[in-house]
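Written below as structure tokens is the structure these notes are about.
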Amino acid sequence: MTPKHEKQEFVTVLVRDPRTQKEDSWHSHIDYEIFIHTNSMCFTRKTSCVRRRFREFVWLRQRLQKNAVLLQLPELPSKTPFFNMNNPHHVDHRRQGLQEFLEKILQNALLLSDSRLHLFLQTQLNPEDIEACVSGQTKYSVADAIHKFASLKRRFPIEDEERERGKNEADSDSESSSSGLGQSSDDSISHGCKASTVPEES
């Protein structure tokens with residue numbers, strides 16, 4: 001029997017808040033917020049929030065499959081020529097598929113040992129920089145990259161009790177932000193992630 005003081009490990013992952021990002025006058029794409037909340041020892045940060053586009057998920061799956069050839073990885077939602085980013089149903093269907101993909105990936109201990117997965121989920125590094133980091137071609141380690149991103153990004157989802165504590169502190173701070181987090185940092189580094197609490201939904 002597990003002692004009461006030992007907490008069972010969990011990993012909550014949510015893919016949400018699809019947003020259209022304009023690249024130039026003719027091209028645009030949708031990216032999605034990936035929210036992670038966990039108490040797992042596998043993760044450097046216990047709470048994180050990044051934004052990723054569909055083709056980055058495709059890259060991640062390809063790399064994970066290459067490094068775990070004996071595993072049958074879950075599929076991504078199919079890329080169809082009929083996908084319309086202006087159609088809410090199409091966008092939400094893809095969002096759900098991406099979340100299911102990550103949920104299944106995070107249940108596999110072998111895949112959790114791949115540094116690419118952690119850099120994908122907990123930093124805003126692009127695939128090229130992720131590859132450089134895991135192959136030792138950067139001055140920073142995987143853990144350094146994750147910690148640096150977290151220290152730069154002031155606004156990210158936090159637990160209910162932390163949010164309430166931040167609100168109480170903000171009441172006496174005239175410089176506090178409207179989110180109630182008591183932060184007056186550069187929001188340009190937040191990558192559009194919402195300062196929200198852990199949702200109750202699974």
Side-chain angles (χ1 to χ4, degrees), residues 9-21 29-61 64 76 91-92 94-107 111-112 114-127 129-130 133 140-167 169-170 176-202:
E9 285 196 353
F10 69 89
V11 180
T12 298
V13 58
L14 295 174
V15 178
R16 60 190 185 186
D17 189 28
R19 295 185 184 182
T20 301
Q21 307 293 346
H29 68 269
I30 292 179
D31 65 12
Y32 304 82
E33 177 184 299
I34 303 175
F35 164 72
I36 294 287
H37 179 60
T38 181
N39 64 354
S40 172
M41 297 299 292
C42 295
F43 285 81
T44 302
R45 302 292 302 181
K46 304 311 178 189
T47 308
S48 63
C49 179
V50 300
R51 299 196 70 85
R52 295 290 183 185
R53 59 187 298 183
F54 182 79
R55 73 180 185 188
E56 291 177 305
F57 280 87
V58 174
W59 168 85
L60 175 67
R61 188 183 185 281
L64 292 176
L76 289 166
V91 174
D92 193 61
R94 175 171 287 185
R95 180 200 62 75
Q96 291 177 13
L98 295 175
Q99 177 166 318
E100 291 171 4
F101 168 76
L102 288 180
E103 287 173 343
K104 293 174 182 177
I105 289 294
L106 293 174
Q107 292 174 10
L111 298 177
L112 272 175
D114 195 314
S115 296
R116 292 174 183 83
L117 175 61
H118 292 270
L119 290 171
F120 177 88
L121 293 173
Q122 298 202 299
T123 78
Q124 211 61 57
L125 292 177
N126 60 43
D129 289 337
I130 290 176
C133 183
Y140 49 85
S141 67
V142 172
D144 290 338
I146 294 173
H147 281 303
K148 182 178 180 180
F149 176 69
S151 66
L152 289 175
K153 185 166 64 65
R154 304 301 184 185
R155 297 177 61 192
F156 56 89
I158 54 178
E159 295 179 71
D160 289 336
E161 60 184 14
E162 293 175 331
R163 185 168 186 264
E164 289 303 316
R165 182 166 61 249
K167 282 184 176 180
E169 293 172 355
S176 64
S177 65
S178 60
S179 65
L181 297 177
Q183 301 286 1
S184 56
S185 60
D186 183 3
D187 284 347
S188 66
I189 312 175
S190 70
H191 300 283
C193 291
K194 298 180 292 186
S196 60
T197 56
V198 180
E200 294 179 358
E201 63 186 46
S202 59

Atom pair CG (Leu14) and CD1 (Ile36), whose distance is rounded to the nearest 0.5 Å: 8.5 Å
Identify, with sequence neighbours excluded, every residue that meets ring-ring contact (aromatic ring centres under 6.0 Å, His included) alongside Phe57. Phe120
So which atom in Leu102 and which in Val15 form the shortest heavy-atom distance, rounded to 0.1 Å? CD1-CG2, 3.9 Å
Nearest-0.5 Å distance that lies between atom CG in Leu117 and atom CG in Leu106: 6.0 Å
The test is side-chain contact (heavy atoms from CB on, under 4.5 Å); show your working for His147 and Arg45 and say whether it passes. CA-CA 7 Å; His147 281 303; Arg45 302 292 302 181; 3.8 Å; yes
What's the separation between atom CD in Gln21 and atom CZ in Arg19, rounded to the nearest 0.5 Å? 7.5 Å
Which atom names give the shortest non-hydrogen contact between Gln122 and Phe149, and what distance separates them? O-CD2, 3.2 Å
Smallest heavy-atom separation, Tyr140 atom then Ala145 atom, equals CD1-CB, 3.8 Å
In this structure, NZ of Lys46 is separated from OG1 of Thr44 (nearest 0.5 Å) by 7.5 Å
Leu121 CG to Cys49 SG distance, which is reported to the nearest 0.5 Å: 11.5 Å
Pairing residues for Ser40 by the side-chain contact (heavy atoms from CB on, under 4.5 Å) criterion, not counting sequence neighbours: Glu9, Val11, Thr38, Cys42, Phe43
Taking every heavy atom of Leu125 against every heavy atom of Leu119, the minimum-distance pair comes out as CD1-CD2, 4.2 Å
Testing the basics here: between His118 and Leu112, what is the closest heavy-atom pair and its distance to 0.1 Å? NE2-O, 2.6 Å
Is the count of non-hydrogen atoms from other residues, nucleotides or ligands lying under 6.0 Å from Arg55 atom CZ greater than 12? no
Taking the six-membered ring of Tyr32 as reference, does the cationic atom of Arg16 (NZ for Lys, CZ for Arg) lie under 6.0 Å from its centre and within 45° of its axis? no
Report yes or no: do Gln99 and Glu103 form a side-chain donor-acceptor pair below 3.5 Å? yes
Just verifying a value: how many Å separate Trp59 CH2 and Asn126 CG, rounded to the nearest 0.5 Å? 9.0 Å
Indicate the atoms forming the closest heavy-atom contact of Pro18 with Arg51, along with that distance. C-NH2, 4.1 Å
Decide if the gap between the ring center of Phe54 and the ring center of His29 is smaller than 6.0 angstrom. no
Charged N to carboxylate O below 4.0 Å: is that the case for Arg95 and Asp17? no
